[in-house]
Trainee: 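This is the structure I want to talk about, given as structure tokens.
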Amino acid sequence: MVVDPVVIDPRLMVALDHYMTAESEDVSCLVGKFLYLFLTGSSYMETYETRHRRLNFQVLSWDAIIEALAEHDYDESDPAAAHLSLYGFPSTNSTNDPELVKLRVSVVFLALQMIADGIQIDSFALLKIKTHLVNVIGFPDVLLVPSQVGRLFQIQFGEVSEINDIAFPCVNQLLSVMDASHTVDIPSYVMAGSNDLDERPVSILVGSAFIDVFLVMFCSVKDLNTLPILTCKNMLETLCIVIYKHDFESRVLKHLQQALRRAVMRALDCLAQDISYDLRQLALYVVNAFVKRWHSIMGSFIYTAVEAIAKLVASHSQHHSQDALFAQAKAFLDASFIKYAQNGLFANLLKRQLHRDFFLVLKQVTDNNVKDNPTAPQSLCELLLRDVLIRVTDVDHVSFQNVLNNTRAYVEVVYHEGFNSELMQFIGQQFIQISRRAAEWNPENMNPDPLLITCAIIVHHNKALSRDILSSTDTVLRVLSSRLNVGTEALSRLLQATSSLHRRTTKETSVTNVVLNSLLEILSDGLRSKVRVLPSTLNSIIEALMTTETPGGFPPVISHLSSFLDLVEPAVHFIQNHPWQDVEKDFAASLAAARLILQASTQDPNIMDRLSDYGIEKAAHINLKVRSWSILAIAALLEQKENWHTALFAQLSTFSYAYHGSIRTYSQGIATSSESAVIDLNYAYIAIKLWILLAYKVSGTGDIVKDSQTLAVWNELWPPFEGFLDQFELDSSGALYLAVGTLVMSSVAELLIFMRTLHTPIVLDVSAHITTLNRLRQLGPGDTLNQKYMLEPPPEMQFETLVNQAAKDVVAAEKLRISEARVAPDRKTLERYRRDMRATT
């Protein structure tokens, strides 16, 4: 955009030269002729600055300038109109006349230049010129609020989204005004936004009177990129001068500290925009100047600035490694971290969600710092780490997780080697404090994995000094495992890091790895419910022990077989007796325990014999439940391990004993509890499906073997289940029938349809199945069941889908059991109340 230069007619310059030669002191008497000639000038104009680069004299008196600028406030009916006409002013409204608008802007520009050049001005005239400047720029809602005493006033104005094009010269001139070194006495209340009622004048730089106008304009302009590049550059340079030269601790400017922070934040945003290189350099200079000059009022700005400048370096570091802008950005980061290394800067930064690129940039900065300061007693990396670890326990809950995540990233990317013994011990002690603080939070909202992974990284890269932190790591592991959900990845990395510290001499050497020994102990006690360990943590420990490859190339379940086999009894105890509350997590933990048992059975065939002992009904409390067998079956079917399938299927007779015992009372008409009947019936239904699927897996590809094994399972498990129908036919109106009759009918029909889906030879006995369905029809509506059974062909389903559906059935059955358990106490209370009422009546 091309802006008309500020020009003065040459005829006026001749007149002014005449008066200057005569050393006239009353140049202001030319105001009328000056303005009139300016409006009615000749065909060519010349820039004023070509004749006088600096005003060494007062061209016009301030009263004349103010009077000229006030012309737009009058109309023809005002008495002042006649007075203005004496000076050659027409009486038309200047807001409607482009020439008068130019005149007004030119006079404001001249006034600003006079102020910048040191022409003395009183506070009233200064405020008048400031008022007209606000109007020229285009601020809305301009309001003059007079003071209680004297003739001064406060200028109030709104935010300006766009600067009037004609006002750009005045905006550019603010640079010189802000840089002026002379002072003026004004009270603080005249500044926009000030609530100070003290009318005592304060001596300030003359440019300070315009700072409120400049800051509001800089912050509220919609898009700085749309301004002419020269204007945008001047505004950034003006902001630099405002930062360095003006006192924001003074009574006049103190209320503008927040506006200054907003302006610098706006400049910071320019770094990420697609603007010219020079403007971005200026914006970075503004940020650096503010941090250096006003660190006492910058507040949290430093954190935002460091993060934003790190993003700038990260986005261009590969292509502009030697670029001056990015060298300055790195220098800013280096200076900031050095200055505030022990003042919480880094700790507060880690409260934010930082990208990994931030730490890559930080590594560049710290590496350069080490090169520049090779003899420093403590490196910048160490100072930052120590400061964070000291402060992290005081972090609030909302930011605590971010600090853990970012500390892990810092250690992983920036600083993980070259530690000394004292630092290792310090880190260990601080990690204990951090783990205890983390254990106070809700497990659902706290992920302790980053802390354990940080331990693993430090141990791995400082093996020679690992003994100084291993005992602390053991404490951290025990604290976190007893309260929070620990993940498999964290435990695996910790196992790998510590396993490389120990060398085994024989296969049966006792466990010397502190972490492995702790995990085995925590797992054993947790499975037996001796200590409080969350199911998800138990699941993670088992997964880590079974899948983590140690330096020998084998997971701990192989390298420490004897210790692993000792976990079988606790695992059986867990799947048999653990009370489920959070069903999905309890189910996952039970599956992990089942996998542990099945894995152990491949190493020691006697494991299955011990399961058989649980199947013998020596006492009710040790009889392995049907649910436990179902979990073992699901765990086996979800893995592609034939030895697991074979080992478990060999226990069909043992399972059959427990299965018959669970539903015998219902088929014989002995049981009367509808709640337990629903649960046992559900598990019996699920068990039949799972063992049919297991038979499928064991038989491989041989149809004859597959048919025989499937028939063996069906003949073993179906007759007791069919006994439910016999009992209901005898008493179709009993309480038990009313509670579970519909469930029995739907389960029988679904089993028959399930057999058709698998294309087993059982479906060939169509007449027997139709007879069963007809019996169901006599007990209740069964047309829909018959129609579903007679569908041709049955829907095709993948084997994995059938297994996953059975797993979902187990979860649903447990949710139903928990729901019934919660309702049962209320139901018993109601029945007791009814009995008491009958007794009293």
Side-chain angles (χ1 to χ4, degrees), residues 268 284 287-314 317 326-395 399-400 402-431 433-434 454 457-458 461-462:
L268 178 64
L284 179 59
V287 174
N288 195 20
F290 178 70
V291 172
K292 288 182 177 179
R293 177 70 174 84
W294 293 111
H295 56 84
S296 60
I297 66 172
M298 65 182 176
S300 61
F301 171 80
I302 183 65
Y303 313 134
T304 304
V306 169
E307 184 179 1
I309 293 175
K311 286 182 180 178
L312 172 69
V313 176
S317 59
F326 301 100
Q328 294 171 10
K330 289 181 181 179
F332 170 82
L333 295 176
D334 181 65
S336 299
F337 282 121
I338 291 175
K339 185 174 183 179
Y340 302 105
Q342 295 176 291
N343 293 337
L345 168 63
F346 193 50
N348 282 283
L349 278 170
L350 296 192
K351 294 179 182 179
R352 304 177 172 215
Q353 292 184 354
L354 300 176
H355 194 271
R356 188 178 180 85
D357 289 344
F358 173 87
F359 298 99
L360 294 174
V361 172
L362 183 56
K363 180 170 177 56
Q364 298 177 29
V365 172
T366 53
D367 287 348
N368 292 335
N369 183 269
V370 171
K371 294 178 182 178
D372 296 337
N373 303 278
T375 61
Q378 287 182 318
S379 66
L380 177 60
C381 297
E382 181 178 343
L383 291 174
L384 294 177
L385 181 59
R386 286 179 179 272
D387 190 59
V388 169
L389 296 183
I390 290 174
R391 299 175 187 272
V392 67
T393 52
D394 298 326
V395 174
S399 306
F400 192 84
N402 286 339
V403 175
L404 292 186
N405 296 338
N406 291 326
T407 301
R408 169 199 169 178
Y410 175 74
V411 171
E412 194 168 32
V413 176
V414 181
Y415 186 47
H416 49 254
E417 56 187 358
F419 292 8
N420 55 45
S421 178
E422 187 275 332
L423 180 59
M424 293 284 280
Q425 294 176 18
F426 170 79
I427 292 173
Q429 293 300 317
Q430 292 303 123
F431 278 6
Q433 299 300 321
I434 295 171
T454 305
I457 295 171
I458 293 174
H461 290 279
N462 300 272

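Remember, it's a predicted structure, so these values are computed and weren't measured experimentally.
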Trainee: Using modelled atom types and a 3.5 Å cut-off, is there a donor and acceptor pairing between side-chain atoms of N462 and backbone atoms of H416?
Mentor: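 Yes, N462 side chain to H416 backbone: donor-acceptor pair under 3.5 Å.
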Trainee: Hey, could you give me the CG/CZ distance between N405 and F400, rounded to the nearest 0.5 Å?
Mentor: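 CZ of F400 is found 10.5 Å from CG of N405.
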Trainee: Answer yes or no: is there a side-chain heavy-atom contact under 4.5 Å between L384 and Y415?
Mentor: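 A side-chain contact is absent here, since even the closest heavy-atom pair is not under 4.5 Å.
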Trainee: At what distance, to the nearest 0.5 angstrom, does CG of D387 lie from CG of N348?
Mentor: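 Those atoms lie 9.0 Å apart.
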Trainee: Within this structure, what is the CE-OG1 distance for the pair M298 and T304, rounded to the nearest 0.5 Å?
Mentor: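 Here the rounded value is 11.0 Å.
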Trainee: Walk me through whether T407 and V392 qualify under side chain to side chain contact (heavy atoms under 4.5 Å, CB included).
Mentor: CA-CA 10 Å; T407 301; V392 67; 5.6 Å; no
Trainee: Can you measure from CG (L423) to CG (L389) and round to the nearest 0.5 angstrom?
Mentor: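 It is 8.5 Å, given to the nearest 0.5 Å.
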Trainee: Under a 4.5 Å cut-off applied to non-hydrogen side-chain atoms, are L362 and V413 in contact?
Mentor: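 With C-beta onward as the side chain, the pair stays apart.
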Trainee: Side chain to side chain contact (heavy atoms under 4.5 Å, CB included) between V306 and Y340: does it pass, once the steps are laid out?
Mentor: CA-CA 12 Å; V306 169; Y340 302 105; over 6 Å; no
Trainee: So which atom in Y410 and which in C381 form the shortest heavy-atom distance, rounded to 0.1 Å?
Mentor: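 Here Y410 and C381 meet closest at OH-O, 2.7 Å.
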Trainee: Mind listing the side-chain donor-acceptor pairs of residues 289-297 below 3.5 Å, one per line with the distance, residues two or more places apart or on another chain?
Mentor:
| residue | atom | partner | partner atom | Å |
| --- | --- | --- | --- | --- |
| R293 | NE | Y244 | O | 3.4 |
| W294 | NE1 | I243 | O | 2.9 |

Trainee: Does any non-hydrogen side-chain atom of N373 lie less than 4.5 Å from one of L380?
Mentor: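 With C-beta onward as the side chain, the pair stays apart.
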Trainee: Could you walk me through whether L268 and F301 pass the side chain to side chain contact (heavy atoms under 4.5 Å, CB included) check?
Mentor: CA-CA 10 Å; L268 178 64; F301 171 80; 4.0 Å; yes
Trainee: Where is the tightest heavy-atom contact between N288 and F332, given as atom of each residue plus distance?
Mentor: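 Taking N288 first and F332 second, the nearest heavy atoms are OD1-CD1, 3.5 Å.
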Trainee: Considering non-hydrogen atoms only, spot the tightest contact between I390 and Q430 and give its length.
Mentor: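 Of all heavy-atom pairs spanning I390 and Q430, the closest is CA-NE2, 3.9 Å.
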Trainee: Which pair of heavy atoms, one from R352 and one from S300, lies closest together, and at what distance?
Mentor: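 Looks like NH2-O, 4.0 Å.
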Trainee: Rounded to the nearest 0.5 Å, how far does NZ of K311 lie from CG of D357?
Mentor: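 The CG atom of D357 sits 10.0 Å away from the NZ atom of K311.
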Trainee: Walk me through it: do F346 and L385 pass the test side chain to side chain contact (heavy atoms under 4.5 Å, CB included)?
Mentor: CA-CA 8 Å; F346 193 50; L385 181 59; over 6 Å; no
Trainee: Does D334 use its side chain to pair, donor to acceptor, with the backbone of K330 at less than 3.5 Å?
Mentor: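 No, because the side chain of D334 does not come within donor-acceptor range (under 3.5 Å) of the backbone of K330.
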Trainee: Please report the shortest heavy-atom distance between A310 and L333, naming the atom on each side.
Mentor: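 Reported closest heavy-atom pair: CA-CD1, 4.1 Å.
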Trainee: Can you see which heavy atom on L312 is nearest to which on F326, and at what distance?
Mentor: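 Shortest heavy-atom separation between L312 and F326 comes out as O-CE2, 3.5 Å.
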Trainee: Do N406 side-chain atoms and N402 backbone N/O form a donor-acceptor pair below 3.5 Å?
Mentor: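 Looks like yes, one N/O pair under 3.5 Å.
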Trainee: State the OG1-CG distance between T366 and L383, to the nearest 0.5 angstrom.
Mentor: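 One gets 11.5 Å once the value is rounded to the nearest 0.5 Å.
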Trainee: Are any of the side-chain nitrogens in K363 or D367 under 4.0 Å away from the carboxylate oxygens of its partner?
Mentor: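 Judged by the 4.0 Å cut-off on N to carboxylate O distance, K363 and D367 do form a salt bridge.
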Trainee: Please indicate whether Q353 has more than 12 foreign heavy atoms, meaning atoms of other residues, nucleotides or ligands, lying under 6.0 Å from its CD.
Mentor: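 Result for CD/Q353: open.
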